Novice: 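Encoded as structure tokens, here's the structure I'll be asking about.
No experiment lies behind these values; they were computed from the predicted model shown. In listed order, ligands and their atoms are each counted from 1.
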Amino acid sequence: MSDAHKDVERLSRAEAEAELPGLVAHLETANTAYHTDDAPEIADAEYDALKRRLAAIEARFPDLARADSPTQQVGAAPAEGFGKVPHAVRMLSLGNGFSDEDIADFVERMRSYLGLATEAPLLCTAEPKIDGLSLSLRYENGVLVQAATRGDGAVGENVTENARTIADIPQKLTGAPKVLEVRGEVYMSHEDFAALNARQAEKGDKTFANPRNAAAGSLRQLDARITAARPLRFFAYAWGVLSQPLAATQFTSIERLKALGFQVNPLTKLCADLTEMLAHYRAIEAQRATLGYDIDGVVYKANDLALQARLGFRSTTPRWALAHKFPAELAWTRLEKIEIQVGRTGALSPVARLTPVTVGGVVVSNATLHNEDYIAGRDSKGGDIRGGKDIREGDWVQVYRAGDVIPKVADVDLSRRDPGAAPYVFPHLCPECGSEAIREEGDAVRRCTGGLICPAQAVEKLKHFVSRAAFDIEGLGAKQVEAFYKDGWVQEPADIFTLENNFGPGCPRQLKNREGWGEKSAQNLFDAIAEKRAIPLAKLIFALGIRHVGESSAQLLATHYLGWDRFVDAMTAAGNFVGPEWEDLLSIDGVGETLGRSVVSAFHDGPEREAILRLAAHLNVQDATPPASESPVSGLTVVFTGTLERMTRAEAKARAEALGAKVAGSVSAKTDLLVAGPGAGSKAKKAADLGVKVIDEDAWLAMIGAT
Ligand code: IVH
């Protein structure tokens, strides 16, 4: 490495090319010595310096970077951007509360789940909710080895090199557990944000709308040198994988993180009860303007980690934590026009086109108007909202935004209404296909009945199908499917998989001859499509775009049915919403009647079912893995009866399901195990008749290893 001391900025291409192999080899040897042999050969500081230099050279000459470079430790897709990092412990989001009652409900829900008496203590921490982006830092033997963004919660992006440039993030820890994932928020202070924007403006570069966007844009830079030049900060507030617990409580764990060298928020407080929690919320709210960084609420967390573990998670949020959001920011502007958008499930959504206005630092020109009742000033039960004031085109309206959600219209100023303004008439025909748009009893939304003949629904379904969380086909995004749809190339998802047959080499019309495409890009797309013929069951279920089926419910369905054929057979058999298959579907924790009906309806005889089956014929659907198969109760059908003394019913059910058991409400020939507490009646008798094994609560707890 003859030129190792020359500034990377001054290296010629030839010099860089000559230096790289040695640098890579040096780091690889050091990595093996450290991680595999547990015998570090070089000092951490030297290692970091080598690695930073390699990253800098790669950033300057990206084409010289090797896909398997030590800078891309996990996953290696530098061409796509960042490598992917699966999170061993999912990075979840938080449920939101807005009013004091919401917080009281949260505390009450925890109490009732845990079966705690009203007078039993339930301590909670309260701390600011930082408005930045979350980051997970993995330390092995006290050394920072990886930093990953949240991504979709299951898989994040590898931003290790960028995280290394943040001064608040220690590179090395002393006295930490062997494996420690620290989680927290990357953010930018108001002062640094203003200075950054001033510098950007001076250079003629783009400025950022708010500190959060600036922080996200800075962390997610492919060139770590840019991140290094941006003043990012980090607060630690949680953890992921741990080889050893940090402490027994949330509060002391945070103290431990502080002792290890992390910045933790000084406004974190241990509260004895609801009154103290709300008081601390008010105290933080009062300081909001002078903190010097953006916060958007207060986060409460159950303090006792054993209770956190018992409370566990709903599909995407913990039961043991809640975000108490600050009231939203408001502004008045003119509503120029109401437009109707037709979504994937046919919903007619009214959108307000506004005279652009700044709300909390962000320019807003569109806002949602929810549905026709909302415009008319009625709620879903026919009661008044906004005192019954309707909203008309040309009105002055109050717009608000809370966090990242789509801005909403809150209020209307009648004193400024043009006397000639007419009430808004919500269309009863779909503006896209002319089909009747109807509102079913109990539904707040009017829906186009055109189904797949409605171009808007068909296109939105296709866009959803190719979206990142669904098929995620490289080179086939919303723009491309829309264009293919318009030209009749792709009308439904199945057509994507016949694209090559119909528009590939040798065909009269060929993709490579389309504007914006060429021989290579066309072939790349065909290859990318072929690659996605093998698709995990959960992704396929999600991709179908069935109403009410999001990513997490698709996952629940996949882990329940495990295989595509089984899933289709079960949905078909549940067709009349009665019988064992229907009961079985509803027995899945997290699947209610509404979701159940929606999925089953998609498989009723008709065009939707046909389209799904045409699609599936092109695919090789990969089975889902049963959850926690190592658990002794996984796959068993369990029934609880009688009084449980050490946990509530809700907890018993949630824990059993988390361990892969199925919890049923009644004893049948399919029952594997009856857990009977005192007072068990007819169920115990039936179990005895059927020869079903019966155990008591203690035996159950012993069985699941929770004594
Ligand atoms: S705890 C399992 N604490 O808010 C939940 N999150 O809306 C772990 N956030 O994704 C998160 N400040 O990015 C926690 N003091 C705080 C936080 C915080 C900001 C973010 C975090 C999370 C999001 C959820």
Side-chain angles (χ1 to χ4, degrees), residues 87-98 102-103 106 110 124-137 147-157 159 163 168 181-189 210-213 215-216 219-220 232-242 246 249-251 253-255 257-258 262-271 277 280-281 283-285 287-288 291 293-303 305 307-326 328 401-405 552 658:
H87 296 299
V89 175
R90 269 170 67 85
M91 287 182 82
L92 295 164
S93 58
L94 292 168
N96 291 325
F98 297 91
D102 291 346
I103 312 312
F106 160 68
M110 289 198 290
C124 285
T125 59
E127 69 199 66
K129 181 169 187 309
I130 315 298
D131 198 5
L133 67 154
S134 47
L135 185 69
S136 186
L137 304 168
T149 62
R150 179 171 151 202
D152 64 2
V155 179
E157 287 175 326
V159 291
D168 283 351
E181 276 178 20
V182 175
R183 293 179 174 177
E185 203 85 352
V186 173
Y187 68 100
M188 197 179 279
S189 75
N210 53 45
R212 205 194 87 84
N213 288 2
L219 184 68
R220 298 186 67 262
L232 293 174
R233 296 167 194 242
F234 181 80
F235 274 128
Y237 53 63
W239 50 90
V241 173
L242 288 174
L246 287 170
T249 67
Q250 177 73 32
F251 195 77
S253 297
I254 297 299
E255 284 181 328
L257 289 176
K258 183 174 182 197
F262 290 94
Q263 300 298 317
V264 301
N265 197 289
L267 295 173
T268 308
K269 188 180 168 187
L270 185 56
C271 302
M277 289 158 70
H280 196 51
Y281 171 86
I284 292 177
E285 191 180 31
Q287 295 176 61
R288 186 179 183 189
L291 285 178
Y293 51 87
D294 277 354
I295 63 173
D296 57 348
V298 169
V299 182
Y300 306 117
K301 300 171 185 169
N303 188 45
L305 299 187
L307 295 186
Q308 283 190 10
R310 280 179 61 193
L311 286 159
F313 297 85
R314 286 178 228 93
S315 59
T316 59
T317 56
R319 289 192 189 85
W320 47 265
L322 189 80
H324 188 172
K325 302 294 279 287
F326 291 135
R401 47 181 291 276
D404 263 351
V405 298
S552 56

Novice: Who pairs with D152 by side-chain contact (heavy atoms from CB on, under 4.5 Å), at least two apart in sequence or on another chain?
Specialist: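 So D152 forms a side-chain contact (heavy atoms from CB on, under 4.5 Å) with A154, V155, E551.
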
Novice: Is the shortest distance from a Lys or Arg side-chain nitrogen in R233 or D168 to a carboxylate oxygen in the other one below 4.0 Å?
Specialist: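 Judged by the 4.0 Å cut-off on N to carboxylate O distance, R233 and D168 do not form a salt bridge.
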
Novice: Students often mix this up, so state it plainly: with edges at 30° and 60°, are the rings of Y300 and H324 parallel, tilted or perpendicular?
Specialist: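 Geometry flag for H324 against Y300: tilted rings.
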
Novice: Checking E185 now: which residues fulfil salt bridge (charged side-chain N to carboxylate O under 4.0 Å, His left out) with it, not counting sequence neighbours?
Specialist: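 For E185 there are no salt bridge (charged side-chain N to carboxylate O under 4.0 Å, His left out) partners, ignoring immediate neighbours.
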
Novice: Taking side chain to side chain donor-acceptor pair (under 3.5 Å) as the test, write out the residues that go with R314, two or more places apart.
Specialist: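 So R314 forms a side chain to side chain donor-acceptor pair (under 3.5 Å) with T317.
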
Novice: Main chain of F251, side chain of N303: is a donor-acceptor contact present, judged purely on distance under 3.5 Å?
Specialist: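 It does hold such a pair.
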
Novice: Any idea which residues sit under 4.0 Å from ligand 1, heavy-atom distances?
Specialist: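 Its neighbours under 4.0 Å (heavy atoms only) are L92, S93, L94, E127, P128, K129, I130, S134, R150, E185, Y237, V299, K301, P318, given by chain and number.
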
